[in-house]
Amino acid sequence: EAGVAQSPRYKIIEKRQSVAFWCNPISGHATLYWYQQILGQGPKLLIQFQNNGVVDDSQLPKDRFSAERLKGVDSTLKIQPAKLEDSAVYLCASSFLPGQQEKTQYFGPGTRLLVL
Amino acid sequence: AQSVTQLGSHVSVSEGALVLLRCNYSSSVPPYLFWYVQYPNQGLQLLLKYTTGATLVKGINGFEAEFKKSETSFHLTKPSAHMSDAAEYFCAVQSGSSNTGKLIFGQGTTLQVKP
């Protein structure tokens, strides 16, 4: 079974530029998560989708970050304009069992972003 | 609100020695608890999880963890460390009464294994 796919793996941009990350979850997984992991910290949830609807985006800096999951499968996370403090690893995860309480999340390899 | 505290940001053990990584959580509802491992430049891989039932859970690569409600702990152990265990380990809590599945992570513990 293929895992969660993410691209690109690495990205270097200058501040005020825009960048987009792509994620394709495990086939059949209804729930998709984007996490931000700053160096030396644990991942922090940015946004969660259930199919193509947003469940939780309370920690998403909406003035510069946006995300979509139009067809309920793959998703794109965008930053515009980027700031130095956005340098981090962006992790995508997915889970399968929307009807059950416990939702094991499976993570992709992440996109490492460096903003100069 | 839920939270996770991992005691010790860096743990160093000798190859063959016991590994003990500490995790304490705070949750007002029954929690689901997870341990993930992250190797350099990779994503997070699930080691083990506790949902309900047996409080001692076994995971991959010889790791296990015990859920102790009275101590609000979920420490990770392995009897004998291997060089390949060197990585970053994250403990996470998920609300047992929420439909969102949101994970709250600790700050991580880096495990160093010395030959």
Side-chain angles (χ1 to χ4, degrees), chain A residues 3-10 21 23-26 29-51 53-60 89-114, chain B residues 1-10 21 23-25 27 29-54 57 59-60 67 74 87-110:
Chain A
V4 177
Q6 290 188 248
S7 67
R9 291 296 311 277
Y10 305 92
F21 313 129
C23 171
N24 192 36
I26 293 172
H29 280 199
T31 309
L32 185 149
Y33 311 80
W34 283 102
Y35 288 85
Q36 181 191 55
Q37 185 182 16
I38 293 173
L39 187 64
Q41 299 180 21
K44 181 186 78 173
L45 181 69
L46 290 175
I47 188 167
Q48 176 187 344
F49 292 94
Q50 180 82 8
N51 296 309
V54 175
V55 174
D56 184 351
D57 64 356
S58 58
Q59 298 297 305
L60 188 73
V89 177
Y90 291 84
L91 295 164
C92 180
S94 67
S95 64
F96 176 65
L97 300 170
Q100 293 193 7
Q101 290 297 91
E102 180 265 314
K103 298 168 178 60
T104 299
Q105 295 179 27
Y106 298 89
F107 286 79
T111 296
R112 191 173 299 270
L113 173 67
L114 178 60
Chain B
Q2 296 179 305
S3 66
V4 175
T5 301
Q6 292 183 237
L7 300 176
S9 59
H10 191 273
L21 305 183
C23 173
N24 288 90
Y25 70 91
S27 178
V29 297
Y32 298 139
L33 295 160
F34 302 80
W35 274 101
Y36 284 88
V37 60
Q38 186 175 36
Y39 297 101
N41 298 318
Q42 295 187 27
L44 277 67
Q45 180 182 6
L46 180 67
L47 272 179
L48 49 79
K49 62 183 178 183
Y50 167 79
T51 54
T52 57
V57 293
I60 62 172
F67 170 62
F74 190 57
E88 185 94 17
Y89 291 80
F90 292 95
C91 180
V93 63
Q94 184 180 77
S95 171
S97 63
S98 168
N99 285 323
T100 70
K102 176 180 179 178
L103 284 173
I104 305 296
F105 285 89
Q107 74 274 26
T109 298
T110 301

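Excluded from the calculations below are hydrogen atoms, water molecules and symmetry mates; all remaining heavy atoms, backbone and side chain alike, are included. Residue numbers start from 1 in every chain, and the chains themselves are labelled A, B, ... in the order their sequence lines are given, proteins ahead of strands.
Residue Phe90(B) comes nearest to Gln37(A) through the heavy atom pair CZ-NE2, 3.2 Å, listed as atom of the first residue, atom of the second, then distance. The minimum heavy-atom distance linking Arg9(A) with Asn41(B) is given by the pair NH2-O, 2.8 Å. For the pair Leu91(A) and Gly43(B), the tightest heavy-atom approach, listed with the atom from each and the gap, is CD2-CA, 4.1 Å.
With a threshold of 4.5 angstrom between heavy atoms, Leu46(B) approaches chain A through side-chain atoms but not through N, CA, C or O. Neither the backbone nor the side chain of Gln6(A) comes within less than 4.5 Å of any heavy atom of chain B. Neither the backbone nor the side chain of Ile104(B) comes within less than 4.5 Å of any heavy atom of chain A. In this structure, chain A has a heavy atom under 4.5 Å from the side chain of Gln38(B), while its backbone stays farther away.
Other residues, nucleotides and ligands place more than 12 heavy atoms under 6.0 Å from the CZ atom of Phe107(A). For Leu39(A), the CG atom counts as loosely surrounded, since its 6.0 Å shell holds 12 or fewer non-hydrogen atoms of other residues, nucleotides or ligands.
For chain B, the option among Cys92(A), Pro109(A), Gly108(A), Pro43(A) with the highest count of heavy-atom pairs below 4.5 Å is Pro43(A).
From Lys102(B), atom NZ reaches atom CG of Asp56(A) across 5.0 Å, with rounding to the nearest 0.5 Å.
Residues passing the side-chain hydrogen bond (donor to acceptor under 3.5 Å, both in side chains) test with Tyr90(A) are Gln36(A), sequence neighbours excluded. The side-chain hydrogen bond (donor to acceptor under 3.5 Å, both in side chains) test applied to Tyr35(A) returns Gln105(A), not counting sequence neighbours.
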